[in-house]
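Here is the structure we will look at.
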Amino acid sequence: HFSNMAEENGVAEVNGKTEELAIENGECDEEEKEYEALDQELDQLNSCLDELETWNDSLNSRIKDLLENMQKAREEGRAMIGLGSKNT
């Protein structure tokens, strides 16, 4: 009778461990899903940051061109004013 009880306890422990592993595997699946979701969010954030960086580079280039054009126009204006005052 004692060995039957030990076998029953052994089986119970094995079943208990099996149940614990199943629960842990379920938790692992949940964690994997969470990591996948976070990974997707990070990918989206990276894409947004890439777009912002591209837009920022384009904007900086356009501002630089605008400033160069304004400086050139101002220099041309000063040259014309200088020429006009010499002719009078």
Side-chain angles (χ1 to χ4, degrees):
H1 182 66
F2 182 72
S3 66
N4 285 340
M5 209 169 147
E7 286 177 18
E8 287 177 15
N9 286 337
V11 169
E13 286 180 20
V14 169
N15 285 341
K17 295 287 183 190
T18 303
E19 288 175 14
E20 285 178 23
L21 289 175
I23 291 170
E24 288 176 11
N25 285 340
E27 289 174 0
C28 287
D29 288 343
E30 290 293 322
E31 288 176 2
E32 284 182 34
K33 288 178 184 177
E34 288 178 22
Y35 280 120
E36 288 175 11
L38 287 173
D39 192 41
Q40 288 177 353
E41 286 182 40
L42 287 173
D43 286 343
Q44 289 175 345
L45 286 172
N46 279 331
S47 294
C48 289
L49 287 173
D50 288 342
E51 288 180 32
L52 282 173
E53 187 176 359
T54 300
W55 183 76
N56 189 43
D57 291 344
S58 173
L59 185 59
N60 283 336
S61 177
R62 291 169 53 193
I63 289 172
K64 182 181 174 186
D65 290 342
L66 178 63
L67 289 173
E68 288 173 356
N69 289 335
M70 289 175 64
Q71 184 177 12
K72 185 178 177 182
R74 185 171 49 191
E75 289 171 359
E76 289 174 356
R78 285 183 181 164
M80 291 182 82
I81 290 172
L83 290 175
S85 63
K86 288 181 184 179
N87 290 334
T88 55

About how many Å separate CZ of Arg78 and CE of Met80, when rounded to the nearest 0.5 Å?
-> 15.0 Å
Can you measure from CD1 (Ile63) to CE (Met70) and round to the nearest 0.5 angstrom?
-> 11.5 Å
Could you grab the distance from atom CZ of Arg62 to atom CG of Asp57, nearest 0.5 Å is fine?
-> 12.5 Å
Would you give the length of the straight line joining atom CG of Leu59 to atom OG1 of Thr54, rounded to the nearest 0.5 angstrom?
-> 12.5 Å
Quick one: CG on Leu45 to CG on Asp50, what's the gap to the nearest 0.5 Å?
-> 11.0 Å
Go through Lys72 and Glu68 one step at a time and tell me if the side-chain contact (heavy atoms from CB on, under 4.5 Å) criterion holds.
-> CA-CA 6 Å; Lys72 185 178 177 182; Glu68 288 173 356; over 6 Å; no
First locate atom CG of Leu42, then atom CG of Leu49, and finally report the distance between them rounded to the nearest 0.5 Å.
-> 10.0 Å
